[in-house]
Protein chains: 2
Amino acid sequence: MFVEVKIKTMLYSSELIKGTLRTIILKLLCDQQKMYGYEITQTVKDLTQGRIQLTEGALYPTLHAMESEGLLTTEVEYIGKRVRKYYSVSKQGKAKAGEKINEFAEFMETMRVLLNLDLGTLKVQ
Amino acid sequence: MFVEVKIKTMLYSSELIKGTLRTIILKLLCDQQKMYGYEITQTVKDLTQGRIQLTEGALYPTLHAMESEGLLTTEVEYIGKRVRKYYSVSKQGKAKAGEKINEFAEFMETMRVLLNLDLGTLKVQ
DNA sequence: ACTTGATACCTAAGAGTTTTATGTATGTTT
DNA sequence: AAACATACATAAAACTCTTAGGTATCAAGT
């Protein structure tokens, strides 16, 4: 006899994730050299313990856009009869990745201050 | 003779700020008891050294929505002939503030891991 | 043989939030 | 008088993501 256990994983109310998709893609691709779309969704899910689950409806159009902007390059591979489209960062994409990650780090720091600071002494006259 | 010095303050590419507006509003109002819209924009600008500049077109509709959702209450005050609309958090709003701030903290931690982790050893089979 | 679930790609309508562009009006500084 | 800051507000457009669908291969269970 088996008992099914459901662990409630806190999924972020998705509005927070908005605006981070490109940064995530660029970071993963810089670390991994090349990845395909589905792999990106699974890797993010694994790395975040299911907290961030990229939807394909958001991911694929974004990958296409980033390719047409010259940030990513692609190569197709066949696994049996199944297609895989691998994405890699271009030189331009690497530069962008640095900017984006930097920007996000600064944003986190700013928000940390904003949400933790005691405002008791501050006043707008 | 004076030399004008312009300090380039890095304004966040605004997509990162998306989804954080309500959290910011709730946090400020929990700390300050009551604030009016314009004051919120100025306070956020000051606290973040100009890095986050809320636009009025985003702020006012959001304040109205939060009021109609029962998270905020209002009282009008006259400064001379000029109207000020003060917002305060309701009991419900305080609970929501706690949730939101918590959620954001967890989100930051998740993103920190995601963007810093060395992925060299990981593989999706 | 059939169904289910995972893998793997894709698009399009709709929802939601923010930007940009206005508008009104008072008070203060140059 | 003009410019700027204070203070509210709305509406069209832009942008991103969700939801919902579609196609197809492969593995595993019934």
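All values reported here derive from a predicted model rather than from experimental measurement.
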By nearest nucleotide on DNA chain D, pick out whichever of Gly37(B) and Leu54(A) is the more 5' one. Gly37(B)
By side-chain hydrogen bond (donor to acceptor under 3.5 Å, both in side chains) - contacts of [X] (at least two apart):
X        : result
Tyr60(B) : none
Ser88(A) : none
Glu67(A) : Thr74(A)

If you only use heavy atoms from C-beta on, which nucleotide in dC8(D), dT11(C), dT6(D) is closest to the side chain of Lys85(B)? dC8(D)
Closest of dA5(D), dA8(C), dT18(C) to the Tyr38(B) side chain is dA5(D)
Kindly write out the residues that satisfy salt bridge (Lys or Arg N to Asp or Glu O under 4.0 Å) with Glu69(A), not counting sequence neighbours, or none if the list is empty. Arg22(A)
Please tell me if [X] has a side-chain N or O lying less than 4.0 Å from either OP1 or OP2 of [N].
X        : N       : answer
His64(A) : dC9(C)  : no
Thr55(B) : dT19(C) : yes
Tyr36(B) : dC8(D)  : no
Tyr60(A) : dC9(C)  : yes

Heteroatom pairs (N/O) under 3.5 angstrom, protein to nucleotides 21-23 of chain C:
none

Between the protein and nucleotides 25-28 of chain D, list the N/O to N/O atom pairs that are separated by less than 3.5 angstrom.
from    : atom 1 : to       : atom 2 : distance (Å)
dT25(D) : O2     : Arg82(A) : NH1    : 2.4
dC26(D) : OP1    : Lys81(A) : N      : 3.1

Not counting sequence neighbours, which residues clear side-chain contact (heavy atoms from CB on, under 4.5 Å) with Ile101(B)? List them please. Thr23(B), Lys27(B)
Check side-chain contact (heavy atoms from CB on, under 4.5 Å) between Thr41(B) and all other residues, then give those that pass, not counting sequence neighbours. Tyr38(B), Leu54(B), Leu59(B)
Restricting to pairs with a member in residues 69-98 of chain A, which pass ring-ring contact (aromatic ring centres under 6.0 Å, His included), not counting sequence neighbours? Tyr36(A)-Tyr86(A)
Can you tabulate the close N/O pairs, meaning under 3.5 Å, that link protein atoms to atoms of nucleotides 13-16 of chain D?
none

Would you mind reading off the bend of the helix from dA1(C)-dT30(D) to dT30(C)-dA1(D) from its two end axes, five pairs each, to 10 degrees? 10°
